[in-house]
Structure formats: C-alpha cells, structure tokens
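See below for the structure under consideration.
Position 1 is the first residue of the sequence; numbering continues from there. Please read all numbers here as calculations on a predicted model, not as lab measurements.
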Amino acid sequence: MNVNKTTIFRLRQRLHETDTVSDRPRCGRPRCTTQRQDRNLVRNHMKNRFLSASASSRQTRGRNNQRISENTVRRRLSTSGLRARRLYIGPIMTQRHGHQRKLWAQEHAAWDRIQWRSFVFSDESRFCIEHADGRVRVWRRSGESYQANCIREHDRWGGASFDGTSTCCCTGSPRGHIHY
C-alpha cells in the first residue's frame, strides 16, 4: 500500500478519539440555507427561467427566518449549473419556417462575393456604459440557449435597416432588381 506512515497514524488516532475516520467540522461561516431550500431555489428557477435573483432572494427566507442575499441565490444556482444569460428574443419559428430557411441557405451557399454585394445585412450592437442595461436575463445551463422555455418569442414585422446613404439591392425579386 503506497501510503505515508504518518497518514495511517493520524487516521488511527482520529478513529480512537472520535469513533470515525471522517473529516471533522471545519471553521467558516455556516450556510444560511438548508439543502432543501437550495433545491427549492433551483426548482423555482427551472419552472420560471426569467425569475431574477433579487426577486428570489425576497421570496426565500433562510435558516432562522433570516433574509438571504441575491449573491447567495446566484451561488446556489451556479453550483447547480444555472447561469444568468442574455435572453434570446427571436421570431416565432415553426417547422415550416425552419425548412424554408434551410432551403434558402442551401440555394445561396455557392454565391460569390459579387452576388452577396447586392444584399445588406444589418447588425445592430448595443453598448452600455452603466452597469444596468435593462435586459431580461434567463437562467439556463450551457447548451440550452434555444430551448423553448429559454426563448421569448417576438412576432415583429420588419426588414433591412440602413442609413439612407447606402443602396440596398435585392436581386431575388420576381420583378427584377429593386433598389431602395
């Protein structure tokens, strides 16, 4: 057995003193929630993925009826694998929509740069100097980005947006080229 003699001596001494070889209680602040409360926190956030940590901390009382902090809620959720992520807000997608998008992508997969120059794709990025950006967060595990309970569907009508100085040319129109 490849074990140090001192380790064996200490384990025998601990067994003689405490009738067990398990670790002794360690110092540190005691947990403010029980394991049952931790499971309830996770269960509540799995049911309502959009529940904020602050709302959950206001609803949950810890041991001895003390208030728990938002950071405690975040830590409990983090240990179960849940993270607060930005919400994906997307169009309402049916199987037919997904099939049409796939067909469109397959039709345009072989296009070269000259053909793609006739289209404008808008990408709007948002920058926030302050710490609160007002975005809704969703608690999810990695790989759950596009699960139905992690998406807030948004049915909106719109098209390409541009600043008016560029030309948006859609060549796939049945009437030929349309310039905006």
| request: State whether the side chain of R85 and the backbone N or O of S142 hold a donor-acceptor pair below 3.5 Å, judged by distance alone. | output: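 Not a single qualifying donor-acceptor pair exists.
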| said: Looking at E107 and W104, would you say the former's side chain and the latter's main chain have a donor-acceptor pair under 3.5 Å? | reply: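 No, E107 side chain to W104 backbone: no donor-acceptor pair under 3.5 Å.
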| said: To the nearest 0.5 Å, what is the distance between CG on L41 and OG1 on T60? | reply: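 One gets 4.5 Å once the value is rounded to the nearest 0.5 Å.
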| Residues in salt bridge (charged side-chain N to carboxylate O under 4.0 Å, His left out) with R74, at least two apart? |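 Salt bridge (charged side-chain N to carboxylate O under 4.0 Å, His left out) check on R74 returns E70.
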| E17: what forms a salt bridge (charged side-chain N to carboxylate O under 4.0 Å, His left out) with it, not counting sequence neighbours? |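 With sequence neighbours excluded, E17 shows a salt bridge (charged side-chain N to carboxylate O under 4.0 Å, His left out) to R24, given in chain and number order.
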| What's the verdict on side-chain hydrogen bond (donor to acceptor under 3.5 Å, both in side chains) for T20 and T18, showing C-alpha distance, side-chain angles and the deciding distance? | CA-CA 5 Å; T20 182; T18 63; 5.5 Å; no
| Are W139 and M46 in one and the same hydrophobic cluster, where Ile, Leu, Val, Met, Phe, Trp and Tyr link if side-chain heavy atoms are under 4.5 Å apart? |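 They do share one cluster, since a chain of ILVMFWY contacts under 4.5 Å joins W139 to M46.
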| message | Membership question, hydrophobic clusters at under 4.5 Å side-chain separation (ILVMFWY): are L82 and V138 in the same one? | response |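 No, separate clusters.
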| message | Check this for me: R61, atom CZ, are more than 12 non-hydrogen atoms of other residues, nucleotides or ligands nearer than 6.0 Å? | response |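 Atom CZ in R61 is packed in, count exceeds 12.
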| said: Can you tell me if I114 has over 12 outside heavy atoms packed within less than 6.0 Å of its CD1? | reply: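 No, because the 6.0 Å sphere around CD1 of I114 holds 12 heavy atoms or fewer from other groups.
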| request: For S56, check side chain to side chain donor-acceptor pair (under 3.5 Å) against everything at least two apart and list the hits. | output: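 Applying side chain to side chain donor-acceptor pair (under 3.5 Å) to S56 gives H45.
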Which heavy atom of [X] sits nearest to which heavy atom of [Y], and what is that distance?
{"X": "R14", "Y": "V21", "result": "NH1-O, 2.9 Å"}
{"X": "G81", "Y": "R141", "result": "O-CG, 3.3 Å"}
{"X": "T33", "Y": "D38", "result": "OG1-OD1, 2.6 Å"}
{"X": "S57", "Y": "R67", "result": "OG-NH2, 3.9 Å"}

| request: Go through the side-chain N and O atoms of T72 and R75 and say whether any donor and acceptor fall under 3.5 Å apart. | output: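 There is such a pair (donor and acceptor under 3.5 Å, judged by atom type) between the side chains of T72 and R75.
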| request: Could you tell me whether the side chains of R83 and S78 share a donor-acceptor contact shorter than 3.5 Å? | output: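 The answer is yes; a qualifying pair exists.
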